Amino acid sequence: QGCACAPLCFARLLLLLLAVMPVVETEVKLDFKDVLFRPKRSSLSSRSQVSVGRTFEFRNSKQKWSGVPIIAANMDTIGSFEVAEVLARRKCITAVHKHYSIEEWKAWASGTGQEALPYVAVSTGILPRDMDKLAVILRAVPELKMVCIDVANGYAEAFVQCIRDVRSRWPSLTIMAGNVVTQEMTEELILSGADIIKVGIGPGSVCTTRKQTGVGYPQLSSVLECADAAHGLGGLVISDGGCTCPGDVCKAFGAGADFVMLGGMLAGHDECAGEVVEVGGEYFKVFYGMSSDTAMKKHAGGVAEYRSSEGKTVKVPYRGPIDETIRDILGGMRSACTYVGAACLRELPKRTTFVRVTQQLNTVFTESTKVNPTKLTPPPAKRIRVEQGGSPESNTRALESSTDQ
């Protein structure tokens, strides 16, 4: 008592307690469903006047790229060679999944894939064997100019070091890297050598990371914040996950995303890997997350003892050719630009004002869904198998079709 330093000691004790206590951020964070664009006066008289192409010079690789900044996700049912060939005709990118063999890469790149290569990124993990395989692929297919270094947790020091190593080894290779959701890690990855940062933890349609771990960040806010950080350093961002309809893609671009990566919105098409399943006379394709037990059983022999599945497996209604879905998305992007007076996609963030909403869609007749509700029937050659629960008539038809192949 009476000690002059008592207030100072108390302040230090308080700071120490605060340092070890959990922190709660009270600022509201937003998802795509929480906002709508506010329309603005426009001099555009037609959607056809809008350009959805972009041209970038990447910060670290110094490479230039021109095209439509939509990316097919590096999932083994989505990031296929067949998808890449179709998307390349629209000048969209495909992050081809990492499970193709070196021989498959060589055969495709020297055959039907030649025209698609300017719009292809080769995907890789960060383990030594992943780097060895990447080196062989890049030697075998020197036309590849982009790599997607993909991990679930982009906050690991091993991931940052991998980016540094790749940048040092391949100075002119354009690096996509992720995933992260905060400004400081976006800056860290760019300063370590990445050109484009993948933003998103947990928003994907077949991702259960938020359910299993409680980790995540609302996607619209993460894009807004990470884009601001990246652009300040001359880097770029990809909004990865959370889009359920073309309007969400538009909102991602409006929030500052330079690219938008899609998985679930591109699932269920002819070009997607996997077989068609008939259930009760309706047709589906299987779609699953890359951290699901389905993916881990397929590629790693099962779920390791020390981890859990962080993805789910679903049946997506069969949707026919993927080009029609891409056309629909691009049409939505052009229309959004006309509503806010943006003559090109680059202008969209500058013309964007979001309004907070409690409801964005009227679902009186149908629930909002990422798939086209139109029922399509695949050609006989695509009706691979029939699941329990189908009608006897449909089972017989599908089995007869499969044996005729």
Side-chain angles (χ1 to χ4, degrees), residues 32-33 70-80 82-87 90 92 94 97 203-208 241-249 260-290 292-295 298 311-332 360-402 405:
F32 296 133
K33 66 178 177 57
I70 296 292
I71 307 176
N74 52 314
M75 308 168 78
D76 65 3
T77 55
I78 305 298
S80 68
E82 293 77 12
V83 168
E85 291 175 29
V86 177
L87 265 61
R90 295 276 187 179
C92 298
T94 300
H97 69 74
S205 58
V206 286
C207 179
T208 60
C243 291
T244 64
C245 58
D248 291 343
V249 177
V260 176
M261 180 172 276
L262 302 175
M265 283 185 66
L266 301 183
H269 294 94
D270 287 333
E271 296 81 2
C272 298
E275 59 187 28
V276 176
V277 179
E278 182 182 357
V279 181
E282 297 184 8
Y283 296 93
F284 302 85
K285 293 195 82 168
V286 174
F287 175 53
Y288 50 85
M290 294 309 292
S292 65
D293 56 355
T294 300
K298 181 177 180 180
K312 54 189 172 184
T313 301
V314 299
K315 295 185 186 71
V316 178
Y318 171 71
R319 301 171 67 193
I322 199 170
D323 187 66
E324 178 61 21
T325 294
I326 295 297
R327 185 205 61 77
D328 187 54
I329 293 168
L330 299 182
Q360 65 169 333
L361 300 171
N362 185 329
T363 59
V364 65
F365 291 118
T366 179
E367 288 296 323
S368 170
T369 173
K370 66 178 178 292
V371 297
N372 189 329
T374 303
K375 294 181 180 179
L376 299 175
T377 302
K382 295 184 179 294
R383 303 178 199 175
I384 307 300
R385 68 183 173 92
V386 181
E387 289 226 332
Q388 295 293 330
S391 66
E393 294 79 13
S394 62
N395 288 353
T396 300
R397 288 197 305 271
L399 289 172
E400 288 174 349
S401 298
S402 64
Q405 296 179 44

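Small disclaimer: the values here were computed from a predicted structure and weren't measured.
The heavy-atom pair separating Glu278 from Gly281 by the smallest distance is OE2-CA, 3.5 Å. Across Gly263 and Ala73, no two heavy atoms sit closer than the pair CA-CB, 4.1 Å. Here the closest heavy-atom approach between residue Gly242 and residue Asp248 is recorded as O-OD2, 3.8 Å. In terms of heavy-atom proximity, Gly332 sits nearest to Pro246 at CA-CB, 4.5 Å. Val83 approaches Ala72 most closely through the heavy-atom pair CG1-CB, 4.0 Å.
Rounded to the nearest 0.5 Å, atoms CE (Met261) and CE (Met75) are 10.5 Å apart. Rounded to the nearest 0.5 Å, atoms CG (Leu262) and CD1 (Ile326) are 7.0 Å apart. Rounding to the nearest 0.5 angstrom, the gap separating the NE2 atom in His269 from the OG1 atom in Thr77 is 12.0 Å. Atom CZ of Arg319 sits about 10.0 Å away from atom CD of Glu324, to the nearest 0.5 Å. The distance from the NZ atom of Lys33 to the CG atom of Leu361 is 12.0 Å, given to the nearest 0.5 Å.
Checked by atom type and distance alone, the side chain of Arg90 never pairs as donor or acceptor with a backbone atom of Arg327 at under 3.5 Å.
Applying the side chain to side chain contact (heavy atoms under 4.5 Å, CB included) test between Tyr288 and each of Asp76, Val206, Val314 identifies Asp76 as the sole match.
Using a 4.5 Å cut-off on side-chain heavy atoms (C-beta onward), Ile70 and Val249 make contact. Using a 4.5 Å heavy-atom cutoff, the side chains of Tyr318 and Asp270 are in contact. Using a 4.5 Å heavy-atom cutoff, the side chains of Glu271 and Asp323 are not in contact. In this structure, Ser205 and Met265 have side chains that are not in contact, with every pair of non-hydrogen atoms separated by 4.5 Å or more. Contact check for Leu266 versus Ile322: side-chain heavy atoms found under the 4.5 Å cut-off. Contact of the Phe287 side chain with the Cys272 side chain is not registered, since no non-hydrogen atoms from C-beta on lie closer than 4.5 Å. Contact of the Val260 side chain with the Ile329 side chain is not registered, since no non-hydrogen atoms from C-beta on lie closer than 4.5 Å.
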